[in-house]
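Atoms considered below: every heavy atom in the structure, side chains included; atoms not considered: hydrogens, waters and symmetry mates. Keep in mind it's a predicted model, so treat the numbers as computed, not measured. As the structure lists them, so they are numbered: ligands from 1, and atoms in each ligand from 1.
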Amino acid sequence: MRVLVTGGDGYCGWATALYLSNRGYEVGILDNLVRRHWDQQLGIETLTPIAPIQQRIQRWRDLTGKSIDLFMGDINNYSFLINSLREFQPDSIVHFGEQRSAPFSMIDREHAVLTQSNNVMGNLNILYAMREEFPDAHLVKLGTMGEYGTPNIDIEEGYITIEHNGRKDTVPYPKQPGSFYHLSKVHDSHNIHFACKIWGLRATDLNQGVVYGVLTEETGMDELLINRLDYDGIFGTALNRFCIQAAINHPLTVYGKGGQTRAFLDIRDTVRCVELAIANPAEPGHFRVFNQFTEMFSVGDLAMMVKKAGVTLGLDVEIQNIENPRVELEDHYFNAKNTNLLDLGLQPHYLSDSLLDSLLNFAIKYKHRVDKNEILPKVSWRNPGSVYAKS
Ligand code: NAD
Ligand code: USQ
């Protein structure tokens, strides 16, 4: 099976491309490397020294004998996109290639517009390309659990059955996202749902939780295959950030009360979930939704777990509740379903002491690369126009 991974130079995409290649899929990566460019513009860097994409792919080939095709360009350039698809002839398109940071999207008007035009238009281009020349291909689209927000009722997988004034219907689950980034994912979901309905396309929306960890079997094979690991206040995500903060003796940055509960998963499960979706494609005309996470934690509880694991390693770990730069509930109900991927055979890697231990040791290994000025959040939801807006 031929799988095109858009965003294949990124955190989830790189791990997925190698995992699928290792399992015998014919893999292509399509990426315009804009994430590396944004890092440079913002003056931030991944904790890990990532090699140029050409070197990464060459090293993979040298080690395994497996080749990965590279299409370097922008999904928003339609002629580039359609020509790449014609050349590669995908059976599945795994679409990771978007701007994925909530704080980035909240810097100012320009970053909000960039996020939504990059994401929503890019996704629409893929839908049109599929409609025109690849109507049988399966779109596996990375959405996010944050599309749902934090409603005071259980979160279903994409759809909810409602009885209203004596009548009953199954409708898309209500969306109450918390950033212009998360909103871009909601817009994508609506566009994909509509395209499946009118053109008979097949798609799976993977509403993924926050991903943690860095090593997969493949990216751990060689230093040149190392994955990115973001720790800064814009692209760094909760658990990964806490481990790196612990490694450099920086107090763990819990925003507000820390009662915000989110869905999480290990990057080793990200790659497996994508494979399960590809191997069990949606039916033509179906917009299928899977909630892709394995566990739910509050931010405060995660910080406590990192502190405990850090102390065991001899680190001095403090937790600091800092003013929340976001507008979000800090104490709320959160209970989401995640049975679809388990039913397809997912065997989760639950967060364990050994994973925390390995992530902390990984962070310690590269801690000399940390820029301490990039730890605290600088983007405010209430007051757009932070320091980054001027860079
Ligand atoms: P990332 O920033 O590491 O990777 C995204 C990649 O997409 C980058 O290599 C970037 O250059 C590329 N890209 C962006 N816009 C592009 C365009 N217009 N054309 C071509 N390439 C483009 O992000 P990630 O963490 O790997 O996230 C991948 C996807 O998974 C995103 O869609 C994100 O919303 C989703 N997701 C991520 C997480 C997480 O915790 N990291 C959680 C849930 C969902
Ligand atoms: N948080 C802290 N301290 C930190 C960082 C974050 O308390 O140092 C809190 C935030 O306030 C928030 C929660 O942790 O309540 C999660 O924040 P995050 O930055 O880890 O994750 P988020 O902004 O939601 O975005 C990340 C990815 C995004 C993906 C999303 C999945 O960047 O691409 O879509 O996780 S989800 O959260 O399920 O929507």
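Against a heavy-atom cut-off of under 4.0 Å, G209 is close to the following atoms of ligand 2: 31 (C), 38 (O). Below 4.0 Å from some heavy atom of G73 lie the following atoms of ligand 1, by number and element: 19 (N), 20 (C). Of all the atoms in ligand 1, the ones that sit under 4.0 Å from a non-hydrogen atom of N76 are 18 (N). Under a 4.0 Å criterion applied to the non-hydrogen atoms of G143, ligand 1 contributes the atoms 44 (C). Listed by atom number, the atoms of ligand 2 under 4.0 Å from G146 heavy atoms are 36 (S), 38 (O), 39 (O). Short contacts between ligand 2 and A102, defined as distances under 4.0 Å to a heavy atom of the residue, involve ligand atoms 23 (O). Heavy-atom proximity to A238, at under 4.0 Å, picks out these atoms of ligand 2: 14 (O), 18 (P), 20 (O). Interface of D9 with ligand 1, defined as ligand atoms under 4.0 Å from a residue heavy atom, comprises 9 (O).
With a 4.0 Å heavy-atom cut-off, ligand 1 is reached by no atom of D230. Counting heavy atoms closer than 4.0 Å to ligand 2, residue Q260 contributes side-chain atoms (C-beta onward) but none from N, CA, C or O. Only the side chain of R228 comes within 4.0 Å of ligand 1, counting heavy atoms alone; its backbone N, CA, C and O stay farther away. For Y181, every heavy-atom contact with ligand 1 shorter than 4.0 Å involves the side chain, none the backbone. Proximity of R100 to ligand 2, defined as any heavy-atom pair under 4.0 Å, is shared by backbone and side chain alike. When non-hydrogen atoms are compared, ligand 1 lies under 4.0 Å from the side chain of K185 (C-beta onward) but not from its backbone. Residue contacts with ligand 1 for N118 involve side-chain atoms from C-beta outward but no N, CA, C or O (heavy atoms, distance under 4.0 Å). Contacts of Y181 with ligand 2, taken as heavy-atom pairs under 4.0 Å, involve the side chain alone. In V299, the part holding a heavy atom less than 4.0 Å from any atom of ligand 2 is the side chain. Looking at Q208 against ligand 2, only its backbone comes within 4.0 Å, counting heavy atoms.
Looking at Y212, F104, Y255 and measuring to atom 5 (C) of ligand 2, the nearest heavy atom belongs to Y255. Relative to atom 39 (O) of ligand 2, the option among L239, T144, N324, D230 with the closest non-hydrogen atom is T144. Considering R326, E328, H182, R262 only, the shortest heavy-atom separation from atom 19 (O) of ligand 2 involves R326. The nearest non-hydrogen atom to atom 5 (C) of ligand 1, considering only E147, M72, E98, comes from E98.
Inspection of the S179 and H182 side chains reveals an N or O donor paired with an N or O acceptor under 3.5 Å. Judged by distance alone, the side chains of N119 and Y181 never bring a donor and an acceptor atom under 3.5 Å apart. For the residue pair E87/N83, the side-chain donor-acceptor check at 3.5 Å is not satisfied. Judged by distance alone, the side chains of T270 and Q208 do bring a donor and an acceptor atom under 3.5 Å apart. For N227 and T219, the side-chain atoms include no donor-acceptor pair closer than 3.5 Å.
For atom 26 (C) of ligand 2, the closest non-hydrogen atom on the protein side is T237 CG2, 3.7 Å. Closest to atom 19 (N) of ligand 1, if we only count protein heavy atoms, is I75 N, 3.1 Å. Annotation: atom 1 (P) of ligand 1 to nearest protein heavy atom, R35 NH1, 3.8 Å. Shortest contact from atom 38 (O) of ligand 2 to any protein heavy atom: M145 CB, 3.2 Å. With respect to atom 21 (N) of ligand 1, the closest heavy atom belonging to the protein is N32 OD1, 3.0 Å. The nearest heavy-atom contact from the protein to atom 26 (O) of ligand 1 is C12 N, 2.8 Å. Counting only heavy atoms of the protein, atom 3 (O) of ligand 1 lies nearest to Y11 N, 2.9 Å. Shortest contact from atom 36 (N) of ligand 1 to any protein heavy atom: Q208 NE2, 3.4 Å. With hydrogens left out, the protein atom closest to atom 6 (C) of ligand 1 is G7 CA, 3.5 Å, a heavy atom. Looking only at heavy atoms of the protein, atom 3 (N) of ligand 2 is closest to T253 O, 2.6 Å. Closest to atom 11 (O) of ligand 1 among all protein heavy atoms lies D31 OD1, 2.7 Å. Scanning all protein heavy atoms for the shortest distance to atom 35 (O) of ligand 2 gives V210 CG2, 3.5 Å.
When each of L4, D31, T6 is paired with F71, the side-chain contact (heavy atoms from CB on, under 4.5 Å) condition holds for L4 and for no other.
With W14 as the aromatic partner, R228 does not meet the cation-pi criteria of under 6.0 angstrom to the ring centre and within 45 degrees of the ring axis. Cation-pi check for R268 over Y19 is not met; the charged atom does not lie both under 6.0 angstrom from the ring centroid and within 45 degrees of its normal.
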(request) Go through the steps to decide whether L239 and V306 satisfy the test side chain to side chain contact (heavy atoms under 4.5 Å, CB included), and finish with yes or no. (result) CA-CA 8 Å; L239 181 55; V306 172; 3.4 Å; yes
(message) Before you tell me yes or no, could you show the steps for Y173 and Y159 under ring-ring contact (aromatic ring centres under 6.0 Å, His included), namely the whole-Å CA-CA distance, both residues' side-chain angles and the distance that decides it to 0.1 Å?
(response) CA-CA 5 Å; Y173 195 94; Y159 299 91; 10.0 Å; no
(request) Step by step, work out the salt bridge (charged side-chain N to carboxylate O under 4.0 Å, His left out) result for E283 and R202. (result) CA-CA 6 Å; E283 293 297 319; R202 54 172 101 215; 5.6 Å; no
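Taking the charged nitrogens against the carboxylate oxygens, K66 and E26 have no contact shorter than 4.0 Å, which rules out a salt bridge. Under 4.0 Å is where a charged nitrogen must lie from a carboxylate oxygen, and between R36 and D9 at least one such pair does. For the pair R86 and E132, the salt-bridge criterion is not met [side-chain N within less than 4.0 Å of a carboxylate O]. Ion pairing of D230 with R100 is present here, as a side-chain N (NZ or NE/NH1/NH2) and a carboxylate O approach within less than 4.0 Å. A salt bridge links K337 with E156; the closest basic N to acidic carboxylate O contact falls under 4.0 Å. Taking 4.0 Å as the cut-off between side-chain N and carboxylate O, K141 and E98 count as a salt-bridged pair.
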